[in-house]
Every structure is written in C-alpha cells, then in structure tokens.
Amino acid sequence: MRTFCGRANPSTGALDWVEEEEYDFHQEIARSCYADMLHDHDRNQKYYEGIRSAVSRVKARGQKVVVLDIGTGTGLLSMMAATAGADVCYAVEVFRPMAEAAQSIVEKNGFSDRIKIINKHSTDVTVGPDGDMQEKANILITELFDTELIGEGALPSYEHAHQNLVQEGCEAVPHRASVFAQLVESELLWSWSQLQPLEVDGFLLAAPPAVARCAGAHSVCDIQLSQVDPRSFTPLGPVLSMFSVDFSRAVSSSFQSHSSQFAARSRGRAQVVLSWWDLDMDPAGSIVCSMAPSWTYPEPKTAPWRDHWMQSVYFLPAESSVNEGDQLRLTVCHDDYSLWFSLHQQIPQTEAPPPRPSCTCQAHLVWTRPRFGELNDRRRTESYVNALKSVLRDDSVCLSVSDGSLLPVWAHMLGAKKVFSLENSRMSRQVIEQISVLVGEPYFSTSLLPWHSLFFWFCRSALSGLLRPDASILPGSASLHMVAVEFQDLWRIRAPCGTCEGFDVTPMDEMVQKSLDFRESREAEPHPLWEYPCRALTRSESVMTFDFTQSVPQQPISSQGSLPFIRAGRCHGVALWMEYHLTDDITVSAGLTGPISEQGDCVWSRHRKQGVYFLRTPVESSGDGRSAVSYSFTFEPSLGDIKMDFNVTSQ
C-alpha cells in the first residue's frame with residue numbers, strides 16, 4: 001500500500017508530500033507502545049488476575065465462558081482468558097498488521113481452536129450464525145484507554161458493545177475505572193498555560209488583554225508527573241475521587257458532569273488540576289492497577305513505570321485566590337473523548353455545568369505547552385535580551401525569523417529603529433531597508449527533531465541580499481551535541497519482549513523490528529528527556545558546528561569521531577540536542593541545562609524535545625575507556641537534514 005505522507009523539510013520549513021510504500025504501517029508500528037505495554041508487568045499481572053477471577057465467576061454459574069476482547073493487540077489478554085478456562089474468545093483488532101501478528105502469536109501458542117481474531121472495528125462486528133461472533137459474550141475484556149482514560153474512544157466502544165455484543169449482566173475486565181484529581185498551585189505548571197508578565201532590565205513585557213483573558217485550550221497535557229518535583233507545586237486540597245465508570249453495565253458516551261466538594265487545605269492560587277485514574281479489575285476492588293504518580297506512594301521507587309499511560313495536567317480557565325478553609329467545588333465534565341475541569345466557590349451547586357473552554361486569542365492554538373514554558377523562562381529570555389543589547393543601535397533595522405517569537409517585541413523595546421518579523425517559510429521580499437540585525441531563537445512549529453531548527457540557517461541564506469555587510473546574526477552559530485546514555489525506563493519502548501507472562505510474543509517482536517528497519521524508522525526520534533531519567537556513560541561532546549554568519553554551503557558537512565565510555569552501565573542509545581551561541585559568551589542550550597554529575601545524572605531542558613537514537617542492541621560498558629561509541633554525521637544541505645550512524649567499538 002502506497003501512501004502520501006507529509007514530512008517536515010528543514011530547508012524550507014514546509015511540509016513536503018511524498019509517496020511511501022507501507023509508510024503509515026511502519027511508522028505506526030515502529031513508534032507504537034506495544035512493547036511498553038508488554039513490558040508493563042504490573043498491568044499484565046493485574047489483568048491476568050482479573051481475567052481469572054471473571055472466568056471463575058462465570059463458571060461458578062454453570063455457564064459457557066464466551067469472551068469478547070476489544071482492542072486485542074497481540075492477543076495477550078485473550079490467551080490469558082483461554083488459559084484461565086474460557087471456552088471461546090473473540091479478539092477484535094482494527095489495525096491490520098497487528099491483527100496479523102496476533103493471529104501468528106495465537107497459532108504459535110496453540111490457541112487457534114479457542115481464539116478467533118477479527119480484523120474489524122468493534123462497532124462493525126456482527127453476531128449470529130453467519131456473523132463474526134456466533135453468540136454474545138458474557139465476559140468483556142478491553143484495553144481501550146489512554147492517559148486521559150477516554151481519549152481513544154473507550155466510551156463509544158463500550159456503549160456499542162453493551163448494546164450489541166455482550167449479554168446483560170456480563171462480567172467486565174476491568175470492572176471499573178475511577179478518575180482522581182487534585183487542585184494545586186504551581187508556578188512551573190501554570191507557565192505552560194498562560195503568558196506571564198516578564199520584566200528584564202527594567203523593561204516589562206505583559207500579555208495583551210485578549211491573551212490574558214483567554215481560557216485556553218481544553219486539551220489535556222499528558223506528562224510523567226512522577227518527574228515533577230512535589231516541591232514545585234502546593235496542594236490546595238485533598239486527592240478527590242471525581243467519578244467512576246462501571247464497565248459491566250451499560251455505558252453512556254453522552255455529556256456528563258461530576259462535582260466534589262472540599263475545604264481548601266492552604267492559601268494560594270488555584271491554577272492547575274493534576275489527574276490520574278485507577279482500574280479495579282474485579283467487582284470487589286481487590287485487584288487495582290493504579291496510574292498514580294510515584295510521589296503518592298509510601299515508597300516512590302515501588303511505583304510501576306509505564307509510558308503508555310501517564311498522568312494528566314489540566315489548566316483552569318483562570319486562576320483564582322483561595323484561603324485555607326474555603327469551601328470549594330471542583331467540577332469535571334466530559335464528552336465522549338475528553339475531560340475539562342472548573343472550580344467554584346459557591347456551595348451548594350446552583351449554576352449549569354461549565355462549557356468546554358476554548359481558545360479565543362489563537363495563542364493556545366499556535367503554541368504548545370512546552371512553548372509557553374519556554375517563552376515564560378526568565379533566564380532564557382535574559383540571555384536573548386543581553387545578546388540583543390550587545391548589537392542593537394539606534395539605527396538598527398532588525399529582522400526576526402522564528403515562529404511565534406517575542407524577540408521582535410524585545411528588539412523594539414530595546415530601541416531598534418525598525419523591527420520586522422517573518423513567521424513562516426514564505427519569505428516576504430517586501431522588506432525595503434537593509435537589515436542590520438537578524439535574530440531568531442530559533443523556533444519553528446514544523447520542527448520535530450532538534451536540528452530541524454537549522455531552517456533558520458536557510459532563511460539567513462535566502463536573506464543574504466538584504467543583510468548589511470556588517471549585519472549582526474543572533475545566534476551567530478549553533479552546535480549539535482551528543483552523549484551516550486543508559487535509560488532508567490525509556491529503553492522498554494524499544495526492547496523486544498520474547499515471552500510475556502508465559503506467552504511467546506516473538507512474532508510481534510519481529511514485526512516491530514521489520515518496521516524499525518524501514519528507512520525512516522532507523523533514524524533518531526524526539527523525546528522530552530526531562531520526563532525520562534537517564535545516566536550519561538560518556539562525556540557530552542559537540543559533534544557538529546553550523547556558522548550562521550555564512551550562508552548554507554552547497555557541499556555536505558561531515559563529522560566523525562568517538563566517545564569513550566567513562567562510566568559503567570548499559571548503553572541503550574545516544575541523546576542529541578542543539579545549543580545556540582548568541583554571542584561569544586552567551587549560549588542557550590535546548591538539551592543539557594547543567595553539568596553532568598559524577599554519577600552521570602543529567603538535567604534536561606523542559607522546553608524542547610531532544611533526539612534519541614536507540615542502539616539496535618544495548619551494550620554493556622565497564623567504564624574503563626577501552627570501549628567507545630563511534631559516530632558519523634553528515635549534514636545534507638539539499639535535504640536540510642542530518643544523517644547519522646553509531647557503533648560501539650573496543651580497543
């Protein structure tokens with residue numbers, strides 16, 4: 001199957017549409033969370049316990065056990081049900097490559113006589129003598145959840161299943177989901193939602209009224225809350241149970257609202273709601289799979305790690321002051337796919353449920369959550385302001401090339417004669433005067449990997465005829481950096497599973513590896529490494545430099561070298577990032593924000609994603625310097641991209 005696919009072109013800043021063979025399938029598989037889910041022993045174990053319990057209850061009633069498994073993936077949960085004693089399992093999987101892998105796995109494990117793979121969406125499944133299912137199921141097993149619980153369409157799927165595919169009074173695994181929330185004040189998290197007033201060297205930059213009054217977008221911000229230091233927020237209330245969904249009964253996907261009342265525990269600004277959910281695998285609630293962040297555990301290190309289900313951050317439409325003891329009401333609303341929260345100080349409830357927040361200022365539609373945080377970063381802004389002050393004069397004509405940047409505003413406030421801003425790749429030639437200062441962060445909304453910001457260099461080259469001979473370029477250069485790392489947990493998303501809970505799932509491993517071997521899937525991928533702890537096993541090194549004071553060269557730029565392992569550990573891959581050199585003594589890093597500790601601990605920028613190149617096979621390092629990561633980089637000006645290759649060598 002050939003598909004037209006949009007690819008960000010760093011040399012033009014635009015999306016190039018190219019035809020690729022099986023592109024969507026390979027990308028979906030290679031970047032999927034299938035391996036992460038199979039490595040999640042806590043999830044698998046809880047599902048297995050819940051399935052055995054449900055099968056036992058049906059058998060105790062003297063009934064034939066008929067299972068419907070919606071979203072079967074590898075077929076793991078159906079194989080658990082068959083092992084527990086199910087008579088027949090209908091395993092539904094809409095994604096064709098995954099359904100084919102599930103069929104291979106079921107056959108390999110000897111369950112073909114009791115498990116039927118159905119390659120359809122569950123709403124298209126038919127029941128009857130000539131249907132996909134011979135009869136309705138009395139056990140419903142699903143794994144249709146995302147970080148927000150309902151974002152993958154769980155509610156409509158359950159609603160249809162209860163109406164058409166399962167018996168009344170069926171067992172369900174999971175039996176119940178419960179959503180929890182906590183109101184907090186957090187300068188860090190709130191900076192991801194609203195543009196904050198910022199004062200630098202006596203100059204105050206405040207958000208326009210339309211932006212300041214905007215309720216923002218209602219979309220969830222899903223992150224690894226375990227990596228947010230509890231000292232960076234103040235709880236204003238207890239952890240609240242907001243609502244539960246019983247999956248063994250008819251489920252509605254229509255709009256609903258739920259409220260919880262509580263007394264404020266401390267004084268502060270109500271800004272953010274932290275949320276997660278638990279799954280009760282049995283009716284008694286004795287088998288619980290929790291998504292709670294690690295800092296809610298008595299022993300945080302015992303919290304299971306998972307990336308397919310994280311935690312949610314919701315931003316209130318506006319911050320409000322609360323005092324200790326205030327009687328508050330937190331309300332959550334949801335439709336069939338999303339949730340949103342609101343806070344009220346009127347008790348009892350008298351007003352109608354709040355409408356879904358919507359962005360009216362456009363900023364929340366243009367800037368991502370990390371982008372808001374980046375623009376609100378005082379230290380980062382001070383670096384740019386100081387660099388601008390060093391080159392701006394009364395007669396400076398300044399041109400900014402970045403998407404959604406505040407640098408033009410700062411340049412104007414600092415006294416530039418004229419300031420122009422180009423916000424997209426369609427370079428306007430209507431700039432009449434010669435440019436004396438060209439500035440960029442650089443930031444572009446089309447950038448996926450760190451080096452895609454080299455689009456700034458291509459813009460600078462296109463504008464060469466408009467630049468004065470003595471024009472200042474900020475940043476003057478950029479450098480690509482790398483370090484070999486051992487991940488605490490992120491390695492799981494690319495590690496083969498082999499055997500999972502006693503079942504052979506190697507056909508899935510082979511399918512994923514085939515997609516990883518696909519041309520584009522062999523490249524680095526973007527990850528926010530502040531959410532995924534890692535240890536540096538080598539020193540960090542600048543491996544390529546790009547001189548923005550000169551135009552992009554016509555010939556490729558290459559770099560080779562090696563980094564010795566100086567710490568013992570298991571090398572899973574290489575982390576890559578860009579650093580921008582505004583002046584000789586001012587540098588802004590989009591990767592490491594401080595020195596690597598003696599133990600190899602790394603502190604990463606929260607604002608940009610870094611590149612991660614996973615080694616095909618992890619490598620053990622003794623840390624004695626006798627083995628090293630050799631690298632090869634080639635910057636291709638015609639493509640605007642960087643090709644790379646890594647190998648581990650020993651002396």
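The basis for the numbers below is simple: all heavy atoms, side chains too, and nothing from hydrogens, waters or symmetry mates.
- No side-chain donor-acceptor contact under 3.5 Å links R306 to the backbone of D40.
- Residue F503 comes nearest to L76 through the heavy atom pair CD1-CD1, 3.6 Å, listed as atom of the first residue, atom of the second, then distance.
- Of all the heavy atoms in W451 and A524, the pair that sits closest is CH2-CB, 3.9 Å.
- Under a 3.5 Å cut-off, the side chain of S253 and the backbone N or O of L155 do not form any donor-acceptor pair.
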Exercise. Might you work through the side-chain contact (heavy atoms from CB on, under 4.5 Å) test for C571 and S621, ending with a clear yes or no?
Key: CA-CA 7 Å; C571 180; S621 162; 5.6 Å; no
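- At most 12 heavy atoms of other shown residues, nucleotides or ligands fall within 6.0 angstrom of atom CD in E299.
- By the side chain to side chain contact (heavy atoms under 4.5 Å, CB included) test, V125 pairs with V92, I118, K120, D132, M133, L165, sequence neighbours left out.
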Quiz item: Taking it one step at a time, do W305 and R492 satisfy side-chain contact (heavy atoms from CB on, under 4.5 Å)?
Solution: CA-CA 10 Å; W305 183 88; R492 302 172 194 268; 3.5 Å; yes
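- Judged as a side chain to side chain contact (heavy atoms under 4.5 Å, CB included), and not counting sequence neighbours, the contacts of S445 are D403.
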Quiz prompt | Verdict with supporting geometry, T74 and M98, side-chain contact (heavy atoms from CB on, under 4.5 Å) | solution = CA-CA 7 Å; T74 61; M98 199 68 247; 3.7 Å; yes
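- D336 places no side-chain N or O within 3.5 Å of a backbone atom of P156 that could act as its donor or acceptor partner.
- At most 12 heavy atoms of other shown residues, nucleotides or ligands fall within 6.0 angstrom of atom CG in D130.
- Remark: Q103 CD to K116 NZ distance equals 10.5 Å, nearest 0.5 Å.
- Taking the side-chain hydrogen bond (donor to acceptor under 3.5 Å, both in side chains) definition, one finds that E135 meets it with K64, sequence neighbours left out.
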Practice problem: Decide yes or no on side chain to side chain donor-acceptor pair (under 3.5 Å) for R608 and S447, but give the supporting numbers first. | Solution: CA-CA 10 Å; R608 302 280 181 104; S447 296; over 6 Å; no
Exercise. For the pair E525 and I493, evaluate side-chain contact (heavy atoms from CB on, under 4.5 Å) and give the outcome as yes or no after the intermediate values.
Key: CA-CA 12 Å; E525 54 192 78; I493 70 171; 4.2 Å; yes
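- For the side-chain hydrogen bond (donor to acceptor under 3.5 Å, both in side chains) test, residues two or more places apart in sequence or in another chain that qualify with R626 are D624.
- The backbone N or O of L529 lies less than 3.5 Å from a partner atom in the side chain of Q610, making a donor-acceptor pair.
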Quiz item: Is there a side chain to side chain donor-acceptor pair (under 3.5 Å) between E100 and N119 once you walk through the steps?
Solution: CA-CA 8 Å; E100 292 172 352; N119 181 206; over 6 Å; no
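- Of all the heavy atoms in I51 and A84, the pair that sits closest is CG2-CB, 4.4 Å.
- For S226 (side chain) and S294 (main-chain N/O), a donor-acceptor pair under 3.5 Å exists by modelled atom type.
- Other residues, nucleotides and ligands contribute over 12 non-hydrogen atoms within 6.0 Å of the NZ atom of K136.
- Listed for the D146 side chain is a donor-acceptor partner under 3.5 Å among the backbone atoms of G151.
- Side-chain N or O atoms of R567 include one that pairs as donor or acceptor with a backbone N or O of A536 at under 3.5 Å.
- A86 and C89 get closest at one heavy-atom pair: CB-SG, 3.9 Å.
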Quiz prompt | E531 and R606: CA distance, side-chain angles, deciding distance, salt bridge (charged side-chain N to carboxylate O under 4.0 Å, His left out) verdict | solution = CA-CA 8 Å; E531 296 186 53; R606 286 189 170 99; over 6 Å; no
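- Scanning both residues, A81 and I141, for their nearest heavy atoms gives CB-CD1, 4.1 Å.
- In terms of the ring pair (Phe, Tyr, Trp, His ring centres under 6.0 Å) criterion, residue partners of W309 (sequence neighbours excluded) are, by chain and number, W277.
- Annotation: ring pair (Phe, Tyr, Trp, His ring centres under 6.0 Å) contacts of Y631 (sequence neighbours excluded): F633.
- Proximity of a side-chain donor or acceptor of T142 to a complementary backbone N or O of L144 within less than 3.5 Å is not detected.
- Two residues are said to be in side-chain contact when any heavy atoms from C-beta on lie closer than 4.5 Å; S275 and F341 meet this criterion.
- In this structure, CD on E49 lies 7.0 Å from NZ on K46, to the nearest 0.5 angstrom.
- Put simply, the side chain of I105 reaches to within 4.5 Å of the side chain of M508, judged on heavy atoms.
- A distance of 7.5 Å separates CG in D42 from CE in M291, rounded to the nearest 0.5 Å.
- Checking D282 against S53 by side-chain atom types alone, no donor-acceptor pair falls below 3.5 Å.
- None of Y314, F243, W340 except one satisfies the ring pair (Phe, Tyr, Trp, His ring centres under 6.0 Å) rule with H334; the exception is F243.
- Side-chain contact check for L225 versus S312: every heavy-atom pair is 4.5 Å or farther apart.
- Not counting sequence neighbours, S630 has no partner by the side-chain hydrogen bond (donor to acceptor under 3.5 Å, both in side chains) test.
- Taking the side chain as every heavy atom from C-beta outward, C500 and N44 approach each other to under 4.5 Å.
- For the pair V220 and L339, the minimum side-chain heavy-atom distance is 4.5 Å or more.
- Remark: E620 pairs with R570 by the side-chain hydrogen bond (donor to acceptor under 3.5 Å, both in side chains) rule, at least two apart or across chains.
- The closest side-chain heavy-atom distance from D335 to R356 is below 4.5 Å.
- With sequence neighbours left out, the ring pair (Phe, Tyr, Trp, His ring centres under 6.0 Å) criterion links Y532 to no other residue.
- Looking at heavy atoms from C-beta onward, R535 lies in side-chain contact with D601 at the 4.5 angstrom threshold.
- Listed for the D87 side chain is a donor-acceptor partner under 3.5 Å among the backbone atoms of V65.
- For N138 (side chain) and Q167 (main-chain N/O), no donor-acceptor pair under 3.5 Å exists by modelled atom type.
- At a threshold of 4.5 Å between non-hydrogen side-chain atoms, the residues T446 and H452 do not count as touching.
- Smallest separation of non-hydrogen atoms from P174 and L279: CG-CD2, 4.0 Å.
- The structure places OG of S122 at 4.0 Å from CD1 of I70, a figure rounded to the nearest 0.5 Å.
- The ring-ring contact (aromatic ring centres under 6.0 Å, His included) analysis of residues 37-94, with sequence neighbours excluded, yields the pairs H39-W491.
- Counting only residues at least two apart or on different chains, the ring-ring contact (aromatic ring centres under 6.0 Å, His included) pairs with a member in residues 148-174 are Y158-F247.
- Residue pairs meeting the salt bridge (Lys or Arg N to Asp or Glu O under 4.0 Å) criterion with at least one member in residues 151-180, sequence neighbours excluded, are R57-E171, R61-E171, R176-D280.
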